[in-house]
Amino acid sequence: MSDERSVGGVRQARRFATAETSEGAQELATRARTSPDELRREAGAVLRIPEGGVVDAGDIDIERRSDETMIINMGPQHPSTHGVLRLMLELDGETVLRTKPVIGYLHTGMEKTGEELTYIQGGTNVTRMDYLSPLTNELVFALATEALLDVELPPRATWIRMLMSELQRMSSHLMWMATNGMDLGSTSMMIYGFREREMILAFWEKVTGLRMNHNYIRPGGVAADLPDGWEDDVDVICDTILRRTYEYDELLTGQPIFRERMEGVGNLSAEEALALSVTGPILRSTGVPWDLRRTMPYLDYAQLDFDVIVGTYGDNFDRYAIRLNEIRESVKLVRQIRDRMPPGDYRVQDRKVTPPPRARIDESMEALIHHFKIFTEGFRVPEGEVYVAIESPRGEIGCYLVSDGTSKPYRMHIRGPSFVNLQAVPTLLRGGLIADAVAIISSVDPVMGEVDR
Amino acid sequence: MSAVEPTPAAAPEAAGTAGSPDVPDVPRAPGRWTDEVAFPPRASYHQLVEEYKASGFEQLSDLTAVDYLTHPGRSLPPGVEAARFEVVANLLSLSARRRVRVRVQVPEDDPAVDTLWDLYPGAEAMEREVFDLFGIRFAGHPDLTRILMPEDWEGHPLRKDYGVGRVPVQFKEAPGPR
């Protein structure tokens with residue numbers, strides 16, 4: 001090792017000047033360096049609700065002298081920040097006064113990359129954003145592309161997409177149950193959550209060939225039809241997971257320690273949630289019945305029967321209960337989709353959009369040309385711009401797509417629900433105890449791949 | 001898809017809308033949600049969003065920008081002069097189940113618009129992202145710092161003249177000129 005050398009038989013570590021990690025102005029400044037006005041705004045939440053906004057600025061003691069408080073740094077390598085989230089917390093004793101999330105540690109420029117990939121390749125890019133619900137990302141990208149192309153899908157493609165999105169919701173919420181359990185010290189829940197999710201991943205491996213980052217939902221339909229016997233697999237998944245959700249009730253829902261840590265912790269009001277653009281289970285936990293599957297239906301959700309789960313208090317426990325019950329609703333949906341799955345094509349038979357079947361390539365020159373054109377230059381999408389939003393397990397995931405008439409998107413923007421929901425963290429943490437911070441971050445369910453993109 | 005009929009979108013009200021909703025580049029298909037699109041001049045952008053908020057658009061869904069440097073000839077309604085940048089704000093009305101997209105042209109020589117943070121505090125992180133990746137300033141924003149890129153990064157990556165693969169990777173504490 002170069003930083004150790006032997007001096008007179010004694011090994012000494014060579015001293016280096018350590019370079020301090022700093023994000024400069026992105027970090028939370030000390031009180032002494034923050035003007036009272038700024039502080040009042042900051043205290044008003046944020047990321048900061050303006051004066052006269054939703055939060056009463058008098059809620060927090062802005063006269064506090066700065067030597068009484070302490071700014072601590074949590075992350076980006078903290079095990080319970082669900083990736084590389086970094087939070088800077090200002091503490092007075094054990095009470096959290098101000099918080100600022102510092103993000104960008106996983107930024108890989110995926111929106112820029114998306115401009116360099118054709119619409120066919122784009123799915124492989126977006127699927128890696130929210131890696132816990134890859135199919136939802138593919139779906140929103142495919143829907144936006146199809147809106148620009150103005151193609152209509154055969155019903156089976158739509159229903160396969162719904163089946164996959166609902167399995168996705170189950171798997172994502174199970175993963176959340178697992179990590180949330182672990183954050184609260186219930187390692188059994190972690191094992192159980194991963195165990196159940198594994199069943200869904202195994203099914204996906206059968207259908208899409210991969211356990212994650214499938215690139216299965218593509219513009220024009222899906223990549224492959226469901227395999228023979230998929231109904232039996234889906235039945236087993238639904239029966240097992242529904243039965244096990246009642247076991248979670250026994251393990252967690254009724255457990256006094258768990259309830260103590262969840263109830264009344266991290267409260268959010270409906271006004272705050274709307275003002276901060278929060279969506280998904282966090283918005284619903286405040287009592288706002290807003291679920292895009294019901295309120296602005298896409299695919300064929302209008303034909304299915306399901307309940308939108310809402311909470312009352314907007315606390316951690318409501319968010320837990322909403323996710324648990326959404327697993328049950330998804331089971332209900334998957335069973336309906338299984339029974340009503342229409343026959344037919346799983347993708348549009350438009351050779352300009354989807355490749356021809358493999359067998360046709362050997363016998364038809366035309367098919368060979370189409371195949372070659374699609375995979376080398378892709379299909380051209382008419383000029384225009386569109387915003388499509390669907391309900392991901394974490395909230396509204398939107399895709400803003402601008403086309404200049406070529407085969408690559410001119411601009412591809414993903415509105416990541418985790419990125420926006422993270423703005424609620426300072427509000428949720430304010431005035432709470434540092435010990436609850438981990439539980440609150442967990443209840444927001446951020447996926448850093450999507451936050452930083 | 002065809003089975004879903006959007007319920008609202010009867011007659012989009014023209015609440016100070018500079019452009020008509022019949023913009024040619026908005027795709028329309030049965031069963032797809034079509035959004036109203038407004039093209040306010042830069043000076044009345046904030047005021048228009050304020051009017052939308054008062055008329056029931058409770059939430060700012062999304063705020064982003066597009067750099068039209070290499071695609072200047074896009075179709076815009078008459079009276080709207082194309083500029084290099086476009087800031088796009090997506091507003092959502094939960095009560096009316098409608099979306100409106102506000103597209104404001106931002107010239108290259110003065111890339112700045114008013115912030116929406118005082119109307120929608122949720123704009124905070126989104127505007128920081130646009131500032132970081134496009135270099136568009138938001139007047140009145142409380143904390144306009146970079147959010148995804150490191151603080152000492154040079155350039156704004158989502159601009160079209162920011163080359164892909166041609167810019168050497170900038171590492172902190174790396175020796176040599178930047």
Side-chain angles (χ1 to χ4, degrees), chain A residues 19 22-26 38 41-42 45-50 53-54 103-104 107 109 111-112 116 147-148 150 152-153 158 274-279 288 290 295-303 382-389 396 398 400 402 404 410-411 413 415 419-420 422-423 452-453, chain B residues 1-6 24-33 35 37 58-62 64-68 70-71 74-75 88 90 92 94 97 99 101 103 117-126 129 132-133 142-143 145-152 157-158 160 162 164 172-173:
Chain A
S22 165
E23 290 295 335
Q26 295 179 31
E38 220 173 307
R41 274 202 315 247
E42 241 175 27
V46 169
L47 302 187
R48 289 143 251 221
I49 291 180
V54 184
I103 60 172
H107 178 63
E111 291 185 1
K112 187 79 173 172
E116 298 297 318
L148 283 172
D150 206 6
E152 232 178 274
L153 287 193
T158 303
L274 285 174
L276 289 167
S277 299
V278 164
T279 49
V288 180
W290 185 258
T295 50
M296 294 179 90
Y298 53 97
L299 299 180
D300 268 342
Y301 276 112
Q303 297 186 24
E383 213 185 304
E385 47 106 48
V386 72
Y387 179 78
V388 174
E396 172 182 327
Y400 182 66
V402 180
D404 59 349
Y410 188 76
R411 168 99 171 94
H413 169 72
R415 182 250 194 234
F419 175 73
V420 183
L422 212 52
Q423 298 192 82
D452 294 340
R453 282 160 299 171
Chain B
M1 275 225 157
S2 55
V4 188
E5 278 298 321
D25 62 355
V26 179
R28 276 153 196 270
R32 295 209 174 99
W33 290 86
D35 308 338
V37 185
E58 299 99 339
Q59 203 176 46
L60 176 77
S61 273
D62 185 30
T64 183
V66 187
D67 179 3
Y68 281 104
T70 55
H71 179 40
R74 62 191 186 278
S75 45
V88 185
N90 269 291
L92 171 67
L94 284 79
R97 301 187 183 183
R99 288 178 194 279
R101 195 152 61 240
R103 295 169 62 183
W117 169 79
D118 50 346
L119 302 172
Y120 301 102
E124 219 254 351
M126 306 180 201
E129 189 191 343
D132 188 359
L133 303 178
D143 176 30
T145 50
R146 287 183 178 272
I147 185 165
L148 294 178
M149 307 300 287
E151 194 59 26
D152 50 1
L158 277 182
K160 286 286 177 182
Y162 186 95
V164 179
K172 222 176 244 180
E173 316 297 336

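Sequence lines set the chain letters: A, B, ... in the order given, protein chains first and strands last, and positions in each chain run from 1.
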(request) Just do the side chain to side chain contact (heavy atoms under 4.5 Å, CB included) check on B/Ile147 and A/His107 with the steps written out, would you? (result) CA-CA 10 Å; B/Ile147 185 165; A/His107 178 63; over 6 Å; no

(request) Please determine if B/Lys160 forms a cation-pi arrangement with A/Tyr410, meaning its NZ or CZ atom is less than 6.0 Å from the six-membered ring centre and no more than 45° off the ring axis. (result)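 The answer is yes; both the distance and angle limits are met.
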
(message) Which one wins on heavy-atom pair count under 4.5 Å against chain A: B/Leu148, B/Leu92, B/Val88?
(response)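 If we count pairs closer than 4.5 Å to chain A, B/Leu148 comes out on top.
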
(message) Quick check on A/Val388 against chain B: is it the side chain, the backbone, both or neither that has a heavy atom closer than 4.5 Å?
(response)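 Interface part for A/Val388: neither.
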
(message) With a 4.5 angstrom heavy-atom cut-off, is it the side chain or the backbone of B/Asp132 that approaches chain A, or both, or neither?
(response)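 Interface part for B/Asp132: neither.
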
Non-hydrogen atoms of [X] and [Y] that approach each other most closely:
X: B/Ser75; Y: A/Glu383; result: N-OE2, 3.7 Å
X: B/Gly122; Y: A/Ser277; result: CA-OG, 3.7 Å
X: A/Gln423; Y: B/Glu124; result: OE1-CB, 3.6 Å

(request) Apply side chain to side chain donor-acceptor pair (under 3.5 Å) to B/Arg99 and list each qualifying residue two or more places apart in sequence or on a separate chain. (result)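 Result, side chain to side chain donor-acceptor pair (under 3.5 Å) vs B/Arg99: A/Glu396, B/Ser61.
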
(request) Determine, stepwise, if the pair B/Tyr120 / A/Leu276 fulfils side chain to side chain contact (heavy atoms under 4.5 Å, CB included). (result) CA-CA 7 Å; B/Tyr120 301 102; A/Leu276 289 167; over 6 Å; no

(message) Checking the side chain of B/Glu129 only, and the main-chain atoms of A/Phe419 only, is there a donor and an acceptor separated by less than 3.5 Å?
(response)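 Flag not set: sc B/Glu129 to bb A/Phe419 has no pair under 3.5 Å.
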
(message) Is it the case that the side chain of A/Glu111 and the backbone of B/Leu158 share a donor-acceptor pair, with hydrogens and angles ignored and the cut-off at 3.5 Å?
(response)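 Not at all, since once roles are kept as given, no pair shorter than 3.5 Å links the two residues.
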
Side-chain contact test, heavy atoms from C-beta onward, threshold under 4.5 Å: evaluate it for [X] versus [Y] and give yes or no.
X: A/Asp404; Y: B/Thr70; value: no
X: A/Trp290; Y: B/Glu58; value: no
X: B/Gln59; Y: A/Thr279; value: yes

(message) Distance check, rounded to the nearest 0.5 Å: A/Tyr387 atom OH versus B/Asp62 atom CG?
(response)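 A/Tyr387 atom OH to B/Asp62 atom CG measures 4.5 Å (nearest 0.5 Å).
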
(request) State whether A/Glu385 and B/Arg101 are salt-bridged, where the test is any N-O pair (Lys NZ or Arg NE/NH1/NH2 against Asp/Glu carboxylate O) under 4.0 Å. (result)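 The answer is yes: the pair qualifies as a salt bridge.
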
(request) Take B/Thr64 and A/Arg411 through the test side chain to side chain donor-acceptor pair (under 3.5 Å) and record every step on the way to the result. (result) CA-CA 10 Å; B/Thr64 183; A/Arg411 168 99 171 94; 2.7 Å; yes

